[in-house]
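The sequence lines fix the lettering, A, B, ..., with proteins before strands; numbering per chain opens at 1. In this text, all values refer to a predicted model and were calculated from it rather than measured experimentally.
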2 protein chains.
Amino acid sequence: MLDIISIGDELLIGQTLNTNAHWIAKEMDALGFRVREHISISDAKEHIVYTLDNSLLKADVVLITGGLGPTNDDLTLPVLNEYFGGELVVNQDVYNDIEQLITSRGFEMNDNNKQQALVSSKCKVIRNKKGTAPGLWFEKDNKVVVAMPGVPYEMKGMVETIISWIKQKYTFPEIVHQMVLTKGLPESKLAEILTDWESNLPSTIKLAYLPSPGRVKLRLTSIGQNRAEVQQLIDEQVALLTNIIPDNIYSVDNKNLEEIIGDLLRHNKQTMATAESCTGGYIAHLITSISGSSDYFKGAIVSYANEVKINELRVNSTDIDNYGAVSEQVVVQMAKGVLTKLNVDYAIATSGIAGPTGGTTEKPVGTVWIAVANKNEVMAKKYLFGTDRQVNIERAAFAGLSMLYDLLND
Amino acid sequence: MLDIISIGDELLIGQTLNTNAHWIAKEMDALGFRVREHISISDAKEHIVYTLDNSLLKADVVLITGGLGPTNDDLTLPVLNEYFGGELVVNQDVYNDIEQLITSRGFEMNDNNKQQALVSSKCKVIRNKKGTAPGLWFEKDNKVVVAMPGVPYEMKGMVETIISWIKQKYTFPEIVHQMVLTKGLPESKLAEILTDWESNLPSTIKLAYLPSPGRVKLRLTSIGQNRAEVQQLIDEQVALLTNIIPDNIYSVDNKNLEEIIGDLLRHNKQTMATAESCTGGYIAHLITSISGSSDYFKGAIVSYANEVKINELRVNSTDIDNYGAVSEQVVVQMAKGVLTKLNVDYAIATSGIAGPTGGTTEKPVGTVWIAVANKNEVMAKKYLFGTDRQVNIERAAFAGLSMLYDLLND
């Protein structure tokens, strides 16, 4: 079992979102490690020692991030060095790495940089290719404690080495997590429909419902010695599930909608574009977050101002006056407009009131019109989301992708 | 002191990013509560009880999220009910809330829904306006344990009530966190320049360096009984700091760059647009994430395909052939093109290789050209970021916003 300890007041007080623990957990879970806890604690010696004592009662491996920087608030190295009874010594490899990095950036080595070449005499060093603080690997009583920097890309650069060292020390059972992504049914309704299937699940399969706006993910987890056997057991259940709710499942590969749409478009040798008002480029961002999206995504017109809707997307200005920018008439013209203008096969258009201000009695905050179009047809739908701007942008983006997915599968 | 416990295997295995703990921590810190730990644990009775026992040794208040849903993997209610020695009873208010919500969505009440009206006889109920599972407030030995749903917007809808109840029970000292946002200096160099200032800081002020790609945040924290006095002490230090690195500080209000740029443009009654290739709409998304951005943001042309660069942004196709799409010549024309086309005062343009594939020896992955323009001038700069697609998109967006900020302050 494995614990992840994240050190830093910025996490505790909610200034920094803890993406490190999330990323490390995913890597370790894929490796077959059972992750027991994530713990975020303050930059304080007693707190670090207390937490480490507690974790080592239960966990075989403890991965720590944060507090390895060059400044006075960074305590992880001295605390761990003392914890394992070592001395601080200069590591020449680390010194050379730092010198190379600092001079390549056009700065000269200063005392802070030189101090970063100090490591504990009781640890193995993990070289840092992307920053100055090395990682530290300690072992004691057959348990492992590893410290990494808190800067995400520096930490990520070390995990390959850590995984290879862990593999030399431990063997793992095979864990299979199968995700089944559903849309169109709230969690309680989905659970009702699946009652019989769920109660007949083999006892070795654990089921979880993970709801988020507009969709519910089902996770089936099983553990065994033989990966193929575990996967087959799960596949049988997924096949049963697909028979029960064929129209609600959109992915069994844990691919998100933008990836699935990309696969379909690439396979069909088709292209797409977006015309975005309230989503402000977020759908384009989701699509272009997928590597290789340039195969099918040509671009987007983000038409925040009405004049951009009129001039670039050829929306009729009289319709904006008569029906408002947030209307079926306008969003349909936006979709058709971008389809023609960027000469693509499919388009998504959005126009809505993301909030928190700008709502009216007739069109409250959260009102969003979405259209999808291809050369033959255009479909538009009105949604009423909530009052939170970010959530509304996310829900509108998911709804738009979801409508495009349905159109592609027509 | 306060602990935040997040329950759910999806967190432990890295499938869901724990945004709840981050959000709650920010709210509680603003209230004046000292947040001691965030702990993420599995959906298992023994683990919940063990963690709660541990937390209550140190914390006065424990806030729990997750495991309150309507399905069989949700254990928080029965475990807490047993922990506090209660019985499960139907709460009629909760029943009515659920009935209203379910019928408004066009579904009928099913057994799962009805079961969600069960609460513990030992708790006060926190009504859920956005979902079916109510929040649970337990008290024992002058300590408080609160359970909330894991769905973020349902949880957020309960925090106002929880804060008002907490305020009735506790008084708090004033905590002031002052953020100073800097750019242009790596952490080690910044710390070197600030050595004297840092060693002369009053002992009641705690300093932290928070580095992220391209920038370092400094956080000054102090606690006292009188908010104005604490703030004044910090303000004096920020004034000293501003004298030392006047060109590197871009915010002392903890505003991010897109907010600061928005404030400047609104104040100047000016407008902006973006022309995005490798950032794929992400800069437009950041800008439109700010409420009120329609005052100054007219729109964006996301020109992923070269034909969109040529047709929409009037980039010379011969220049794309001669210099490539990722070049100074092209990115300058993109910036000028969107400036003219959307008739705005300022523009940002990006063209680069986000990766992980598509690099060449001459232009490796991470090569990004960025231009900013107004009616009188265009500035372009080449960057070499790393190999991670998401990080490259983020760094390019920050660099573009940073260049626009500099141009606005010219």
Side-chain angles (χ1 to χ4, degrees), chain A residues 9-10 12-14 16-19 22-23 25-26 29 35 37-41 69-71 73 105 107 110 112-113 132 151 153 186-189 191-192 207-211 280-282 284-285 288-289 291 294 297-305 308 342 356-357 386 388-391, chain B residues 9-10 12-14 16-19 22-23 25-26 29 35 37-41 69-71 73 105 107 110 112-113 132 151 153 177 187-189 191-192 207-211 280-282 284-285 288-289 291 294 297-305 308 342 356-357 386 388-391:
Chain A
D9 291 345
E10 67 278 13
L12 283 184
I13 66 175
T16 303
L17 180 61
N18 192 354
T19 56
H22 173 250
W23 191 89
K26 198 182 254 178
D29 179 70
V35 181
E37 284 194 4
H38 306 182
I39 313 136
S40 300
I41 60 170
T71 55
D73 56 321
R105 287 182 185 169
F107 293 99
N110 64 21
N112 274 319
N113 301 135
T132 51
V151 177
Y153 60 91
E187 185 183 12
S188 57
K189 186 73 191 166
E192 181 190 347
L207 175 72
Y209 288 77
L210 310 170
Y282 187 61
H285 166 60
T288 58
S289 292
S291 175
S294 56
F297 183 72
K298 281 204 187 174
I301 310 277
V302 179
S303 56
Y304 231 53
V308 179
L342 300 195
T357 59
D388 183 290
R389 185 177 182 85
Q390 294 308 326
V391 173
Chain B
D9 290 346
E10 65 277 14
L12 283 184
I13 67 174
T16 303
L17 180 61
N18 191 353
T19 55
H22 174 250
W23 192 87
K26 197 182 254 179
D29 179 71
V35 181
E37 283 193 5
H38 306 183
I39 312 135
S40 300
I41 60 170
T71 54
D73 56 320
R105 288 183 185 167
F107 293 98
N110 64 21
N112 274 319
N113 300 135
T132 51
V151 178
Y153 60 91
H177 298 291
E187 184 184 12
S188 58
K189 187 71 192 168
E192 181 191 348
L207 175 71
Y209 288 76
L210 310 170
Y282 188 60
H285 165 60
T288 57
S289 293
S291 174
S294 57
F297 183 73
K298 281 203 187 176
I301 311 277
V302 179
S303 55
Y304 231 52
V308 179
L342 300 196
T357 58
D388 184 289
R389 184 176 183 86
Q390 294 309 324
V391 173

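- Top candidate by heavy-atom pairs under 4.5 Å with chain A, chosen from Ile39(B), Ile13(B), Asp388(B), Asp9(B), is Ile13(B).
- Contact annotation for Phe107(B): only side-chain heavy atoms (C-beta onward) come within less than 4.5 Å of a heavy atom of chain A.
- Counting heavy-atom pairs closer than 4.5 Å to chain B, the top-ranked of the candidates Ala284(A), Ser294(A), Gly69(A), Ser188(A) is Ser188(A).
- Evaluation of the side chain to side chain contact (heavy atoms under 4.5 Å, CB included) rule for Thr16(A) yields Glu10(A), Leu11(A) as partners, not counting sequence neighbours.
- Each of Leu12(A), Thr132(A), Asn18(A), Leu210(A) has some count of heavy-atom pairs under 4.5 Å with chain B, and the biggest count is that of Leu12(A).
- When Lys298(A), Lys26(A), Glu192(A), Lys189(A) are compared by the number of non-hydrogen pairs under 4.5 Å with chain B, Lys298(A) comes out ahead.
- Taking Gly281(A), Gly386(A), Ser303(A) one by one and counting their heavy-atom pairs under 4.5 Å with chain B, the maximum is reached by Gly281(A).
- Across all their heavy atoms, Thr19(A) and Leu17(B) have their closest contact at CA-CD1, 3.8 Å.
- Contact count against chain A (heavy-atom pairs under 4.5 Å) is highest for Ala300(B) among Gly299(B), Ala208(B), Ala305(B), Ala300(B).
- With values rounded to the nearest 0.5 angstrom, His38(A) atom NE2 is found 13.5 Å from His38(B) atom NE2.
- The contact between Ser289(A) and chain B is made by backbone and side chain atoms together, counting heavy-atom distances below 4.5 Å.
- With sequence neighbours left out, Ser291(A) forms a side chain to side chain contact (heavy atoms under 4.5 Å, CB included) with Pro356(B), Thr357(B), Arg389(B).
- Here the closest non-hydrogen pair linking Tyr304(B) and Phe297(A) is CB-O, 3.5 Å.
- Taking Pro186(A), Ala25(A), Ser40(A) one by one and counting their heavy-atom pairs under 4.5 Å with chain B, the maximum is reached by Ser40(A).
- Listed options Asn110(A), Val308(A), Ile301(A) were ranked by heavy-atom pairs under 4.5 angstrom with chain B; first place goes to Asn110(A).
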